[in-house]
Structures are given as structure tokens and as C-alpha cells.
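Per chain, numbering begins at 1; letters A, B, ... match sequence-line order. Worth knowing before you read on, the calculation uses all heavy atoms, side chains too, and leaves out hydrogens, waters and symmetry mates.
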Amino acid sequence: MDIFIKNIVDILKVEVPLSGEEIEGFIEIPPDLEKGDYAFPCFAIAKQLRNAPAKISAELAQKLPTGDIITGIKAIGPYLNFYVSRKMFFKTILNDVFTESDSYGCSDLGKGKTAVIDYSSPNIAKHLAVHHLRSAVIGNAIHNIHKTLGYRCVGINHLGDWGTQFGQLIVAFKRWGPDTKDQGSIQETGLDINKLNKLYVQFHKEAKENPALEDEARDWFKKLENGNEEARETWQYFKEISLSEFERVYEKLGITFDSYAGESFYNDMLDDTVDRIKEAGLSEISEEALIVNLEEYDMPPCILRKKDDASLYATRDICAAEYRKREYDFDKLIYVVGSEQKLHFNQFFKVLELMGYEWVSSCEHVDFGLVKFKGGKMSTREGKVILLEDLLEESCKIAMEIIEGKNAELENKEEVANAIGIGAIIFSELSSKRVKDVLFDWDEILNFDGETGPYVQYTHARLCSVLRKCGETATNDIGHDLLKEDDELLLVKKLEFFQLTLIRAAKSCEPSIVSKYLLDLCSTFNRFYQHHRILIDDAELKKARVLLVDSVRQVIKNGLGILGLKAPERM
RNA sequence: GCGCCCGUAGCUCAGCUGGAUAGAGCAACGGUUUCCUAAAUCGUAGGUCAGAGGUUCGAAUCCUCUCGGGCGUACCA
């Protein structure tokens, strides 16, 4: 709790029949500066005091004492409004930002705790398409937010590298893929991700005509699970091809993982997991499959073993959760996966609960809406996709064109264009709340004006430019009472809320809270910038404003980093 | 059918655990660059917060129903 709110609580405690904690909960920020810096609404205590809220606030305004920190108390209707010492306020906040610099916003909230975050997790043997972006970008941001709050974070890419789909691919590869008879080794077939992708699409097309192919595919997956050598070798090769492609894209996006333990990783542990469920008396055979009946909980059964005894994704997810608890002893296990899988998570979370794992309450499915075309859902199966790499490339190209038009002299144009092009894509993914479905629109995603990543990056670059031209570096030693403008106060108020913003974003696993905050901060700064000069003759005021500008720069930089965007100093 | 999610300006979205006049951006129209990067900024216009009830001193926010849209609903992930 900051010293200003603490002070207000202390003052109020004397006259108000509420605990300090309760009072703090009621304190809010007035809608504009004239109404003060903090407010206490008197509705809640009206009943207890048997008096009208407006009267109570008027009386309190008379009674309560002011001091060095709280310099004014005024009643406006039912609200009791507090005015803090601007000098104190500027001094406290600007000092914090200055001394903490790159770690401003950090806290020890998550100290000693571990957050495991499962994100991206694409199915291999297919291109990364634009609808794969959401999990990766949102998960990466959630990872960074938690890290900033002091959590030990483990980012896991739970690769979809197991399952019936690999049976399908093997079938397709054997039927329509390059011939291996003459070349011996599968590595010499010249297969690449494009061809793999085509095989996948072709399988689903042909399987519509010829359902027997599905049985053949299930059969091959079963062989794969049982360690059949041909199946293994083919699968391994598919995986290598895919991973090298994925890593290239992740690098462009600046997204990293601590572990690539995908679904196949758990294959050898599956039996133990299933045995535990059996022993707990939770499973039964139904329609030849091994299931956990969840009728009692109004859910379809959770299938552990298909009739051919092969595993399903629920089996592997249960096993993975157990493993992660053993391996990392997490306090939070976050799955960043599309909302269409909600039921699946509810099902296997329920099974974990029935198995007696209390820690299931710290597992959370952080869901997000679908990416759609104007024509409908994007589908890798039907080959209806926009490739992620194409989108990134196009975005960087546009960024480069803009730089050529505006700042052709820029030294590291390519690097900056990539930072902005990629930044635009990432930011647009994070700018609205997760749950919303998004309609993919080239024009919208490639627009660099208004509430966008480039807007935030541009503001940052502009700040850096001012500081460069200033000639001297920002110093902490300024006359805080020289900052008299409302725009200056508004800016520092935003800076104050950075950490609270991160805490709220972590609580709801909602990175858009951070992106909205940054847009707000930038817009506040740009307004200030438009109306007030920084590099002025008055040396003392200039020094004060330079510190203010440097603080804003610092917070924007920290915020962009957390969201996974670069903060170029020139653009 | 049942379950979950969504429905705020022409479009895309904010609106903290209910609170002081519902806010941005895009698109449209009109201003601001001999001045710290105009990827900016200022202004105009645009809203029965899907609809109807209810709870409350007070509802875009909570509850119920209706309508509209999305997703899911046993051997895919």
C-alpha cells in the first residue's frame, strides 16, 4: 500500500466505524483532478451512522485533520475527496522509478512460488498459421508478467507431437509421400514442412471418401505407441522437420520456452497414470473403451484408452499434470489454450480432483477466442490458413516502407523495421481481452496508427530522442515543486499504477490490461508533449521535466518488454 | 436438445471487487509542422450500454428470462 492511501486510511480510521482494511477497499480514484487524488465514498457507512451519505462526508470534511501528506479534504456530495501534496507525490513516485529503473514494476508478490505456463503447444507436422499466434503471444506475456512479480516461471511448449494424427500422417506418407524404397533412409526423401502439410490435408480429403483410412491411421498410431520401429523412425523425422521450422518463427517473435516436453514425452508414464486411476476405482469399461464416468458431474466421460487401447489427449494431459507437479511443485499451472477446449479441461481437472489431488485448484485453463476468416474458422485440416511467417514478413515489409518514407537516414533500418513489424502483430494480439473471437483482417492488423504497438514504440522513440537532444542525463536531484502542470501530475499518476496494473493482469491472466495501460500512458504523454516543451531555457524546470520524461520512457520500455515487444530508441 | 462464452458509437474495443457527466482508436469531416520525430496532436459528428423484468440509496457492471452470434457436446487435438 502506498504512503498516500495509508495516510488516508489512518486519518479515516479515527472517525469511521470500519477496519483499516475495509477502508482501503473502498478508496477509489476520482474521475478528474478537480475532485482530488483519492476519494472515500460514504454510502457504505450511511446505514451504520444513520445519516445521509452527503451529510456524513460534509461532517467528516470538517472534522478530519490535514497534514504534510494529505493537504486537503473536501466533500463533494456523498464523496469525501482527498488532495495530496503534489511535491510529495512527485518526489515519491519519480524517485521510485529512477532508482528501480529496469526493475520498476517488479515485486516480491510471487517470491518463492512457481508458475508453470503451458503455451503455444502447436501440433507438429504442420505450418504455424496465424491462429497459432494467440496462445504463444498471450502465454509469453503471462510468463513475463509473472516473472516480473517474482514468480519462478517455467514456460512449457506442450508440443502436439503424439496422437492419432501421426497415424494419419504415416498413412498419408506411405500412400502418397515420396518413395523410400530406392533411397533407403527416410532422411533422403527431401520431405519438408510444405509436403508434410500437403499430406495432412490430403489425408483428410481422402478420408472423407474412404473412412477405412481412419482405421488404418488409428492402427499406425497404436504401432507408434507400442514402439514399432518404422513408425518411430517416421515420426521422429516428422518431428525434426517441424521443430526446426517452429524455432525459426519463435525466434522472430522473440518467444522462448524452458521446456519442449510435448505429448510424446509422457508416453512411458501413461501406464502408471492409468493404473492409478484404475486403482482409485474411478475407471470403467464402456463401449470397449476405458473411461472415467463423469455423468454425476454433467459431463461426457473422460476417455483414457480407446478400444484399441491407445491413449488420448486427456490421458496425456492427466499424466503431464502429475509430472509437472512432481517436477516443478508449482503453485500455479496455467494452460493457455483456446476456449473450444473448455470441456476437455473441465473433464480432466475433474479426474485429477477425483484422484485426490488437491493441487488441481491451482490449475487454470486460460482460454481465448477463435481466430476466424470472413469465411469461417481457420482450419489446418482443410488447408484454409494464413501462414504466420507470411504475416510477419508482410508486416515487417510495411514497417520498412514507412521508415523509408519518414526516416530513410536511419542506421539499422532492417532491425528497427522488424521490431516494429513484429511488434504490431504481437500488440494487436494482446490489445483486446482474450475471450473475444477475432476476425482476421489484413488491413486492421497491419495498421500502424492509433491504438497499436507502433504507437507505443513511436512514443518511446520520441522520448529517447528528446533525452538525447537534452545533452545531459536525467538526475534524481530536482525541485519537485516546479512540476505544476496538471498534465505532469496526470502522467505521474499513471506511473504510480504500473505495478498495480501488472498485479491485476496476473490475477486474471489478462495481458490486455497491460497493453491498455501502455496506450493510456502514451496518450497521456503525447498530450503533455504537445502542450509543453521539455528542452527549455529555465534550467531547473528543464531538469525536472527531463526526469519526468525519463521516467515515462522507463515505464514504457519495461511494459513493452513484458508484452514481448522491442523498444527501439529511434524509428 | 443440453452446456459454456459473447452482445457497449458505422467498425474494433475500454469501462477495477455495483458508485460522481458511458470512454478510446479506426473510418468521415475540419484544424495544428520555419518549434524537443505529424507513426503525433486538437476539434466536429456518432450511444434507448441487444430486449424485458428483478435486487439496491444507486446497475453497462449482480440475478432471472427472451432474442441474436460463437464454441462444445465418447474413442481428433
Side-chain angles (χ1 to χ4, degrees), chain A residues 25-26 28-32 35 39 41 43-44 46-47 52-53 76-79 81 121-123 160 162-165 168 214 217-218 263 286-291 298-308 310 312-314 316-317 337-344 346-347 367 369-370 372 377 381 399 402-403 405-407 420 424 428 431-433 435-439 441 443-444 447-452 454-459 461-470 500-501 504 508 512-513 516 519-520 522-523 526-527 529-536 545 549 570-571:
Chain A
F26 281 117
E28 49 188 66
I29 308 296
D32 55 75
K35 296 190 176 68
F43 307 102
K47 257 185 195 160
I76 302 180
Y79 289 89
N81 295 350
S121 311
N123 291 330
W162 209 240
T164 314
Q165 53 176 327
Q168 296 169 345
E214 296 279 8
R218 277 190 274 269
E263 295 191 75
S286 169
E287 296 175 28
E288 293 176 73
L290 183 71
I291 65 156
D298 293 320
M299 284 187 276
C302 179
I303 303 172
L304 302 170
R305 294 273 186 208
K306 298 192 278 194
K307 60 185 168 199
D308 65 2
L312 280 105
Y313 68 142
R316 300 188 284 269
D317 269 331
V337 179
S339 53
E340 71 274 16
Q341 293 196 38
K342 195 88 218 166
L343 178 60
H344 165 244
N346 287 340
Q347 286 177 303
D367 62 338
L370 242 45
K372 291 185 291 186
K377 186 182 169 177
R381 292 188 181 186
I402 296 175
I403 291 173
K406 291 181 189 289
N407 196 358
I420 296 165
S428 105
S431 57
S432 58
K433 292 202 297 192
V435 291
K436 303 260 182 185
D437 285 350
V438 291
L439 192 71
D441 183 334
D443 292 339
E444 203 174 306
N447 175 28
F448 293 0
D449 297 328
E451 297 177 325
T452 64
Y455 172 78
V456 179
Q457 290 171 316
Y458 172 75
T459 307
R462 210 185 202 189
L463 283 156
C464 290
S465 172
V466 174
L467 293 168
R468 270 196 307 273
K469 289 194 173 148
C470 168
L500 193 69
T501 302
R504 277 185 46 215
S508 50
S512 70
I513 293 175
K516 289 287 176 205
L519 288 171
D520 189 28
C522 288
S523 141
N526 281 323
R527 201 174 314 125
Y529 181 87
Q530 203 74 22
H531 299 299
H532 306 283
R533 288 192 61 80
I534 296 147
L535 306 179
I536 44 178
R545 285 190 173 162
V549 167
R570 297 169 204 258
M571 60 188 270

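Across all strands shown, A/I291 has heavy atoms under 4.0 Å from base atoms, whether or not it also approaches the sugar-phosphate. As judged by a 4.0 angstrom heavy-atom cut-off over every strand, A/I403 is placed among the base-contacting residues. Within the nucleic acid shown, A/R533 comes within 4.0 Å of at least one base atom, counting heavy atoms only. Base contact: A/P301 has a heavy atom under 4.0 Å from a base atom. Using a 4.0 Å heavy-atom cutoff across all strands shown, A/T164 reaches sugar-phosphate atoms only and no base atom. Contact annotation for A/G369: no contact, since no heavy-atom pair falls under 4.0 Å across all strands. In this structure, A/S512 reaches neither bases nor backbone, as no heavy-atom distance under 4.0 Å exists between it and the strands shown. Within the 4.0 angstrom heavy-atom criterion, only backbone atoms of the sugar-phosphate kind lie near A/K516; the bases stay farther away. Heavy atoms of A/E263 sit under 4.0 angstrom from primed sugar atoms or phosphate atoms, though from no base atom. In this structure, A/R545 reaches neither bases nor backbone, as no heavy-atom distance under 4.0 Å exists between it and the strands shown. Among the heavy atoms of the strands lying under 4.0 Å from A/L312 are primed sugar atoms or P, OP1, OP2 only; no base atom is included. Nucleic acid contact for A/L290: none, since no nucleic acid atom lies under 4.0 Å from a heavy atom of the residue. At the heavy-atom level, A/G160 lies nowhere under 4.0 Å from the strands shown. A/R218 comes within contact range of the sugar-phosphate backbone alone, with a heavy-atom separation under 4.0 Å but no base atom that close.
Taking only distance into account, the side chain of A/S121 never meets the base of B/A77 through a donor-acceptor pair shorter than 3.5 Å.
Between A/D308 and A/R218, no side-chain nitrogen of the basic residue sits less than 4.0 Å from a carboxylate oxygen of the acidic one, so the salt-bridge criterion is not met.
Rounded to the nearest Å, the gap between the C1' atom of B/U21 and that of B/C5 is 32 Å.
Here B/C16 presents its C1' atom at 8 Å from CG of A/L500, a figure rounded to the nearest Å. The separation between A/K433 atom NZ and B/C16 atom C1' is 11 Å, rounded to whole Å.
The side chain of A/R462 contributes an N or O atom lying less than 4.0 Å from OP1 or OP2 of B/A38. A close approach under 4.0 Å does occur between a side-chain nitrogen or oxygen of A/K436 and OP1 or OP2 of B/A14. The side chain of A/R316 places an N or O atom within less than 4.0 Å of a non-bridging phosphate oxygen (OP1 or OP2) of B/A77.
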Original post:
RNA chain B in dot-bracket, Watson-Crick or G-U pairs under 3.5 Å, [ ] crossing, | other strand?
Top reply: (((((((..((((.....[...)))).(((((.......))))).....(((((..]....))))))))))))....
Original post:
What does nucleotides 20-30 of chain B look like as a protein-contact string, B for base, S for sugar-phosphate only, - for none, at under 4.0 angstrom between heavy atoms?
Top reply: BB--BSS----
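Counted by atom type alone, A/N407 and A/R570 present zero donor-acceptor pairs between their side chains at under 3.5 Å.
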